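Here is the structure we will look at.
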There are 2 protein chains.
Amino acid sequence: MTTTSPQGRTELLRPDGSPVRVLVVDDEQSITELLSMALRYEGWQIRSAGDGAGAVQTARDFRPDAIVLDMMLPDMDGLSVLGRLRRELQDVPVLFLTAKDAVEDRIAGLTAGGDDYVTKPFSLEEVVARLRGLIRRSGAADRRSESVLVVGDLTLDEDSHEVSRGGDGIHLTATEFELLRFLMRNPRRVLSKAQILDRVWSYDFGGQANVVELYISYLRRKIDAGREPMIHTRRGAGYLIKPAVPAVT
Amino acid sequence: MTTTSPQGRTELLRPDGSPVRVLVVDDEQSITELLSMALRYEGWQIRSAGDGAGAVQTARDFRPDAIVLDMMLPDMDGLSVLGRLRRELQDVPVLFLTAKDAVEDRIAGLTAGGDDYVTKPFSLEEVVARLRGLIRRSGAADRRSESVLVVGDLTLDEDSHEVSRGGDGIHLTATEFELLRFLMRNPRRVLSKAQILDRVWSYDFGGQANVVELYISYLRRKIDAGREPMIHTRRGAGYLIKPAVPAVT
DNA sequence: GAATTCCCTGAGAAAACGCTTAGGGGGTGC
DNA sequence: GCACCCCCTAAGCGTTTTCTCAGGGAATTC
């Protein structure tokens, strides 16, 4: 089931209308805090644990609809945590957090069961998107909930990563895609550069704030080029996307 | 829930009709007083604290709907205060106050959870607007509360920062926008130049008092130009905005 | 009706802000 | 190992915005 808030954001809900529950497991507290904040903002109910034992225990009575699980835990290795969690909650989808250099094939095996993974350092948009996908596919939320964002004649498919405007396919790089997704999930709403940076770039990004300007300009070149613009600058405030108003000629 | 006072101001209220509660945390007393006054004027219930320990303690039994938190506190740093506050009140939205130069350093993630921040020196209108936005989105107030101000045929959208009169879009600069917002939030009420200066300009503005006149004239040019005027001067008292009375011709 | 006070607005300087280009470095695939 | 693509830094440029200053006009007072 989905519902649309007054701001136009679409929320995932369980079939009985109660909020989706997510368990976050990571030993770094800053990570669990960051994730909890972001996921709560999605309207989900969050619990967190700092180690494997805590995770299993919390999972037992919290009965989450999805789990975010760091593969590197102090007390036991991610696999055995996973095993125990699965004993409690058989079908719950898991989003793994792994270091970039983690062994690929091991992860590949894990995600075969419909799970997914994200490498650290991640961006919040990425985690949220992956999680939404997992929950959607697991059937914990209404299956009809869509994975396609539409603003005007602009279309973005979160599953296939396809983007098109007015029927023409548009190729975007990974970062461009995430930026556009964030804009399109908040149409007609001014998003500050800080907000964009916090959601779209990884949490450890320490660079210049003008990357946002740069990527906005890339996006405009691909999306607005030669058409009525959809991406607008609010000087001193931020950017927003909205359906193009046909030129009155 | 929203209600409209006799003066025509729209107030945010909690779903049960009680006033919204806000906790203000800053070590400079002049700031907490300034903010407390301004926020009480919004019809909200305010408590303040001067350090992190006090903030956590006050939050515990005051149970605020939103928190204004200075990042620079004497006893502990803003983030650990945040952590403790969040342990007490999980979903409470936070508006951070930060120094301007601190923004670039290490404030990544502040807006990640739907929170927001304002840099010092700030204007009261900005703080109030941001807080209203946070409270609105957090669901502590009635979700139907709108983000659009309307006076006569003049319309101002706080989310998209769009302004239009009689259907025609009007482009305003950031300062013009804030001034108009302040006027429109107090329709049919005379606002003195001093009041306007205190609310719309940052508290450390040391310039000439006639900026207000200047910006009123800018606004008139954009909003009243060629139409029945909505912005009126009360000589010796101030300015007010009200729906235009159709010209009797 | 003259003086005074208050308000409005034009011009212009300084600063802030956003956009764009060029290029380096890292990673990936062939 | 080479070529390609992607991400980001850095710097320069043009534009927009903000504000000061000053002159003139309008309302008010005496």
Side-chain angles (χ1 to χ4, degrees), chain A residues 99-102 104 119 121-123 125-126 161 163 170-180 183 190-197 200-225 229 231-240, chain B residues 100-101 103-104 108 119 121-123 125-126 161 163 170-180 183 190-197 200-202 204-226 229 231-240:
Chain A
K100 195 145 204 170
D101 47 18
E104 284 290 336
T119 58
F122 48 77
S123 79
E125 271 301 291
E126 204 183 331
H161 277 221
V163 175
I170 296 173
H171 170 79
L172 298 184
T173 70
T175 308
E176 289 164 357
F177 179 82
E178 291 225 339
L179 171 56
L180 182 60
L183 292 175
V190 174
L191 301 167
S192 72
K193 279 183 250 186
Q195 279 177 303
I196 294 173
L197 216 46
V200 176
W201 269 261
S202 2
Y203 54 80
D204 71 339
F205 178 77
Q208 307 301 315
N210 91 324
V211 278
V212 177
E213 295 168 18
L214 186 64
Y215 274 85
I216 287 282
S217 101
Y218 291 159
L219 269 189
R220 289 216 250 237
R221 228 172 277 173
K222 294 183 176 178
I223 285 166
D224 285 346
I231 300 174
H232 303 266
T233 304
R234 291 278 177 273
R235 204 167 216 269
Y239 300 93
L240 87 167
Chain B
K100 192 149 205 168
D101 48 12
V103 177
E104 283 120 42
T119 58
F122 49 77
S123 79
E125 267 302 287
E126 206 183 331
H161 279 220
V163 175
I170 296 173
H171 170 81
L172 297 184
T173 71
T175 309
E176 289 163 358
F177 180 83
E178 290 228 334
L179 171 56
L180 181 60
L183 292 175
V190 176
L191 302 166
S192 73
K193 278 185 261 188
Q195 270 179 303
I196 293 174
L197 210 49
V200 177
W201 271 262
S202 2
D204 72 338
F205 179 76
Q208 307 300 315
N210 87 326
V211 277
V212 177
E213 295 169 15
L214 184 64
Y215 273 86
I216 287 284
S217 107
Y218 289 159
L219 271 188
R220 280 180 168 146
R221 222 172 284 173
K222 293 182 176 178
I223 285 167
D224 285 347
I231 300 174
H232 305 268
T233 304
R234 290 280 177 273
R235 204 182 159 80
Y239 301 93
L240 87 167

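Heavy atoms only: backbone and side chains are in, while hydrogens, waters and symmetry mates are out. Note that the structure is a prediction, hence the values are computed from the model and not measured. We name chains A, B, ... by the order of the sequence lines, and we start the count at 1 in each one.
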Quiz item: Hey, is the side chain of B/Trp201 poking within less than 4.0 Å of OP1 or OP2 on D/dC19, counting only N and O atoms?
Solution: yes
Exercise. Can you check whether any acceptor in the base of D/dT28 is under 3.5 Å from a donor in the side chain of B/Arg235, or vice versa?
Key: no
Self-check item: Side-chain heavy-atom pair A/Ile216, A/Lys193 within 4.5 angstrom cut-off
Solution: no
Quiz item: Judged by atom type as modelled, is there a donor-acceptor pair below 3.5 Å linking the side chain of A/Arg220 to the main-chain atoms of A/Ile231?
Solution: yes
Self-check item: Side-chain heavy atoms of B/Ile223 within contact of B/Glu176, under 4.5 Å
Solution: no
Self-check item: Side chain of A/Tyr215 - closest among D/dC19, D/dC21, D/dC8
Solution: D/dC8
Quiz item: Please give, in whole Å, the distance from D/dT16 C1' to B/Leu172 CG?
Solution: 14 Å
Self-check item: Side-chain N or O of B/Lys193 closer than 4.0 Å to phosphate OP1/OP2 of C/dC6
Solution: no
Practice problem: May I ask you to test the A/Tyr239-A/Glu213 pair for a side-chain heavy-atom distance under 4.5 Å? | Solution: yes
Quiz item: In whole Å, what is the span from the CG atom of A/Leu214 to the P atom of D/dA11?
Solution: 15 Å
Practice problem: Could you check if a side-chain atom of A/Leu219 sits within less than 4.5 angstrom of a side-chain atom of A/Leu183, using non-hydrogen atoms only? | Solution: yes
Quiz item: How long is the line joining CZ of B/Arg220 and P of D/dA26, in whole Å?
Solution: 14 Å
Quiz item: Under 4.0 angstrom, heavy atoms only, what part of the nucleic acid is A/Tyr218 near: base, sugar-phosphate, or nothing?
Solution: base
Exercise. Would you please confirm or rule out a distance under 4.0 Å between OP1 or OP2 of D/dC8 and any side-chain N or O of A/Gln208?
Key: no
Quiz prompt | Length of the NE2-C1' vector between B/His171 and D/dT15, whole Å | solution = 11 Å
Quiz prompt | Phosphate contact (C/dC6 OP1 or OP2) by B/Tyr239 side-chain N/O below 4.0 Å | solution = no
Practice problem: Rounded to the nearest angstrom, tell me the gap between atom NE2 in B/His232 and atom P in C/dC8. | Solution: 12 Å
Quiz item: With side chains defined as the heavy atoms from C-beta onward, is the minimum distance between B/Phe205 and B/Val211 less than 4.5 Å?
Solution: yes
Quiz item: In whole angstrom, what separates A/Leu240's CG from C/dG18's P?
Solution: 14 Å
Quiz item: Which of these nucleotides, C/dG18, D/dC8, C/dC8, is closest to any side-chain atom of A/Glu213?
Solution: C/dG18
Practice problem: With the side chain of A/Ser217 defined as its heavy atoms from C-beta on, choose the nearest nucleotide among C/dC7, C/dT20, C/dC19. | Solution: C/dT20
Quiz item: What nucleotide, of C/dT20, D/dC8, C/dC8, holds the atom closest to the side chain of A/Asn210?
Solution: C/dT20
Quiz item: Taking OP1 and OP2 of D/dT18, is either one under 4.0 Å from a side-chain nitrogen or oxygen of B/Thr173?
Solution: yes
Exercise. Mind checking A/Ile216 for me? I need base, sugar-phosphate or nothing, with any heavy atom below 4.0 Å counting as a touch.
Key: nothing
Exercise. For B/Arg221 and D/dT18, give me the distance from atom CZ to atom C1', rounded to whole Å.
Key: 14 Å
Exercise. Output yes when at least one side-chain N/O atom of A/Thr175 is less than 4.0 Å from OP1 or OP2 of D/dC7, else no.
Key: yes
Practice problem: Check the distance between D/dC19's P and B/Ile196's CD1 and give it to me in whole angstrom. | Solution: 14 Å
